[in-house]
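Side chains included, hydrogens not; waters and symmetry mates left out as well; all remaining heavy atoms used. The first residue of the sequence shown is numbered 1, and numbering continues consecutively from there. What you are looking at is a predicted structure, and each value in this text was computed from that prediction instead of being measured.
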Amino acid sequence: MTDIPTETNGHRPEWPFDLTPIPEQGGPIDDKPRADVVDGAEVVSLDTARERRHPYPPTPAAPEQDPRVLQGEVIRVDLPGGVDRDWRAELEEKNRTRRPVVPLWLRSRTEAIETLTWAGEYGAYVAGYQLSRTPLYAGRLAARSPRGLARLIYGMVRWTFDLEGEPVRLTAVQKADPEAYLKLSRQRDSRVRLRVWVTGAALVTLLIASLIVASAPTVAQWSALAVALAVLGVIGRPADRPLIDRAVLPTRVEKLTSDIVVRALTVLGVSGLNAKADVNFVAPITREGPGWRADVDLPYGVTVTDVMDKRERLASALRRPLGCIWPEGDSSIHEGRLILWVGDKDLSKTLVKSPLEKASSHDVFKGVPFGNDPRGRLVTVPIIEHNILIGSQPGQGKTASVRELAAGLVLDISTEPWFHELKGTGDLDPYEQVCHRYVSGIDDAAIGYAADSLALLRKEVMRRAAALKALPADLCPDRKVTRQIADKRSLGLHPLVAIFDECQNLFAHPDYGAKAGEDAEFIIKLGRALGVVLILATQRPDKDSLPTGISANVSIRFCLRVAGQLENDMILGTSAYKNGIRATVFQPKADAGTGYLVGATPMAKVVKAAYLDTPATQRIADRAHALRAAAGVLSGHATGQQPEATAPAYDLLADIAAVLAAGEAKVWNEIVVDRLAELRPETYGPWAEQEGSAKTAQLTGALKPYGIKTGQVWGTPKEGGKGANRIGIVRDDILNAITERDGKKGSGAIS
């Protein structure tokens, strides 16, 4: 056996196995004696045979090989390209990313109407502009016709006698080149002979036409004269003075192109995004609404958030106002998919009109038209089964946003509005005439009235829970309020929407704040499916003025301009700032009414809320009052009734602890409810009047905000009898909850 030598420089490693080939049938490869052949039999190394059977045997690195070493093709498992692909997966991906047959602007009724309206208005304006200047253009043609006649005669003479070749012939004379001159002269003579006949024929034809026109009616004569003057006027037009004026001056806004987008992105200073970076356009740049849309795949490792952080620099690079530049991502594809929309108009200078200004009525179950996104598309906010939180700095359009939502609520006669304006400026006063409960003020009386409303709403939630459960399954299969149920006024399950503007004045109040916070959290958690909705607006989103139990459970959030990350995440939710949803990018005053809307649409969206001034709000409120009066659904404050008296203040946990005996470790719910009704009939009496499971459900629902769960406990009926397992409470759970709550109050926290 011959060993492969190992090079001293280390480039050719020493093989750890025998590379001597196995001889084929018919004889050995060479005639040298084999030490491993004994008595006509071949001794084969098992290790060597196994290595040769390996699908990817190692090969020597050096170009020189021993002639006895096996030759073959080496296949690398990590070799790029040539990999079989799943054609079904590729087809599915192509189907998902295929471009629509119908353009996007035609697929949307709103955008199609807007685009066609714009094109029609533009065409009508240009046509009208030019038609109104027809006498001016006719005068210009008449004034320029003499110059045109002179140019025509001069041109015909030059062409007929080949005067354009005169400079060339003179050059031949100056160079004393007779041969060239004779050649050019013969060429001129042949041209002139032909052109004289052509010119003569043209003149004769023109003369005959003139004679025919002269004998024609006057209208034909004037028409021929007008045509002649128009032709001569066009020929006589000065090069620097066009005949027709521009109806629209050329715009300074550049059409968005891939070169412009790449140039803008590469100057942002984002790591990984430079002139050599691979910026891929996944679709052609198209017109979308009043602007341009570019779908871009950013380089590997660059996210959309990196670009959104540089929005001001991006606007500078694109030479557009900041309110025209709206980058957003599409995380459903990947974090590097950028959708860049560049508008024609600055959003901050656009006035969004409410479609409710002219609406005779509205269906709140279809949501409330709230405003427009930067592309001019209407954005609707769902109301039923949601609670809404609106926050911003003062003067950024928070109350105007509340006004728009309130307009949609009052125009639905099935909705019962409870409005509380705790700033005292009367911004919601036009709606007072249709509200079941209404208050406007910042004093303790107004704050107490709002706190009473939350207490009443809490009782209403518990009543509705029992009422909804009692409905037959065919009427209420999903156990939630629907339009069909809401229209049955006798059931008392119509939508009840309460607005608390400047709610921080309520939740931060030293006397009413803690209890109001507990009631609001209870309503938000349980009232969603029962038709009870809270709309909260605040300008101070901190843990004292907006309890975390409230901010963490609302489903729709609208954040206008705020100062920093903390306020941003208090309103929009934890990590919103980190994920690029940043209301800090809006400019003070300039972007009033513009904010990030989260929860109303599949992805966070920039929206400018529709603006209703006081006269427009008053007209909507008057229309709503007439609708409700005709339907006979005005109630409460709208009919002049005095405020509803709330139940006396009570402490549920303390009352339960009072009715439990010291030796009772576990007690059934129904027994606790009966004891509570004896303790406070005016408060717990309605609970005890319920039958069966509805009776126990009252206590179970009331204990949920305190984190106390009910379960199966062993007990015996109060009148005696056989013991059984029924829904009940554990006494230690009640005592622990009281201890934990009192400890938080002692530390100054709001429970």
Residues His386 and Ser555: closest non-hydrogen pair is ND1-OG, 2.9 Å
Phe370-Phe558 aromatic ring centre distance below 6.0 Å: yes
Side chains of Thr415 and Arg628, donor plus acceptor under 3.5 Å: no
Ring geometry between Trp687 and Tyr684 (parallel below 30°, tilted from 30 to 60°, perpendicular above 60°): perpendicular
Can you name the closest pair of heavy atoms from Arg458 and Asp519 and give their distance? NH1-OD1, 2.8 Å
Between Glu416 and Arg437, is there a salt bridge with N-O shorter than 4.0 Å? no
Leu536 side chain near Thr538 side chain, heavy-atom distance below 4.5 Å: no
Would you say that Ile656 contacts Ile729 through its side chain, given a criterion of any heavy-atom pair below 4.5 Å between the two side chains? yes
Smallest heavy-atom separation, Ala450 atom then Phe500 atom, equals O-CE2, 3.7 Å
One should read off an interatomic distance between Ile581 CD1 and Met603 CE, to the nearest 0.5 angstrom, of 8.5 Å
Spacing of Leu560 atom CG and Gln393 atom CD [to the nearest 0.5 Å]: 10.0 Å
Compute whether any side-chain donor of one residue and acceptor of the other, for Glu404 and Ser354, lie under 3.5 angstrom apart. yes
Hey, does Leu454 have a side-chain heavy atom less than 4.5 Å from the side chain of Leu506? yes
Take Ile384 and Val481, measure what side chain to side chain contact (heavy atoms under 4.5 Å, CB included) needs, and give me the verdict at the end. CA-CA 8 Å; Ile384 305 301; Val481 174; 5.6 Å; no
State whether the number of non-hydrogen atoms from other residues, nucleotides or ligands found under 6.0 Å of Lys480 atom NZ is greater than 12. no
What I'd like to find out is whether the side chain of Lys459 reaches to under 4.5 Å of the side chain of Arg463, using heavy atoms alone. no
Residues His637 and Cys435: closest non-hydrogen pair is CB-O, 3.4 Å
Sub-3.5 Å donor-acceptor pair from the side chain of Gln504 to the main-chain atoms of Phe507, do we have one? no
Are a donor atom and an acceptor atom from the side chains of Ser635 and His436 found within less than 3.5 Å of each other? yes
Would a 4.5 Å heavy-atom cut-off, applied to side chains only, mark Lys488 and Leu493 as touching? no
Side chain to side chain contact (heavy atoms under 4.5 Å, CB included) between Leu634 and His625: does it pass, once the steps are laid out? CA-CA 8 Å; Leu634 289 174; His625 184 270; 3.6 Å; yes
If I compare all heavy atoms of Gly426 with all of Ser440, which pair ends up nearest, and what's the gap? N-OG, 3.6 Å
Return yes if some donor-acceptor pair links the side-chain N/O of Asn553 with the main-chain N/O of Ile524 below 3.5 Å, else return no. no
d(Ile734 CD1, Leu703 CG) to nearest 0.5 Å is 5.0 Å
Out of curiosity, Asn505 CG to Asp443 CG, how far, rounded to the nearest 0.5 Å? 11.0 Å
Under 3.5 Å, is there a donor-acceptor pair between the side chain of His362 and the main chain of Gly367? yes
List the steps and the verdict of side chain to side chain contact (heavy atoms under 4.5 Å, CB included) for Tyr577 and Thr584. CA-CA 9 Å; Tyr577 190 92; Thr584 56; 3.7 Å; yes
For salt bridge (Lys or Arg N to Asp or Glu O under 4.0 Å), just list the numbers for Lys398 and Glu502, CA-CA rounded to whole Å, side-chain angles, deciding distance to a tenth of an Å, and then say yes or no. CA-CA 9 Å; Lys398 178 178 71 283; Glu502 306 296 348; 3.3 Å; yes
Quick one: are Asp373 and Thr601 in side-chain contact, heavy atoms under 4.5 Å? no
Note, Thr696 side chain near Val673 side chain (heavy atom, < 4.5 Å): no
Could you report the tightest heavy-atom contact between Pro495 and Ser414, atom names first, then the distance? CD-O, 3.5 Å
How many angstroms lie between atom OG1 of Thr548 and atom CD of Glu521, to the nearest 0.5 angstrom? 7.5 Å
Does any pair with a residue in residues 660-672 pass side-chain hydrogen bond (donor to acceptor under 3.5 Å, both in side chains), and if so which ones, sequence neighbours excluded? Glu664-Arg675, Asn669-Thr700, Glu670-Arg726
Just checking, is any N or O donor in the side chain of Asp501 or Thr399 under 3.5 Å from an acceptor N or O on the other one? yes
Run the numbers on Glu460 and Leu530 for side chain to side chain contact (heavy atoms under 4.5 Å, CB included), then give the verdict. CA-CA 9 Å; Glu460 177 67 9; Leu530 305 174; over 6 Å; no
Ignoring hydrogens and geometry beyond distance, is a side-chain donor-acceptor pair present between Asp622 and Gln618 at under 3.5 Å? yes
Specify whether Tyr431 and Phe419 have parallel, tilted or perpendicular ring planes, treating 30° as the upper limit for parallel and 60° as the lower limit for perpendicular. perpendicular
Selection residues 563-575 - residue pairs positive for salt bridge (charged side-chain N to carboxylate O under 4.0 Å, His left out), sequence neighbours left out: none
Kindly indicate whether the side chain of Val368, heavy atoms from C-beta on, has any atom under 4.5 Å from the side chain of Leu356. yes
Any salt bridge (charged side-chain N to carboxylate O under 4.0 Å, His left out) involving residues 422-433? Give me the pairs, sequence neighbours left out, ordered by first then second residue. Lys423-Asp427
The reported gap from CZ in Arg582 to CG in Asn568 (rounded to nearest 0.5 angstrom) is 8.5 Å
Counting distance only, does the side-chain N/O of Arg557 pair as donor-acceptor with the main-chain N or O of Ile571 below 3.5 Å? yes
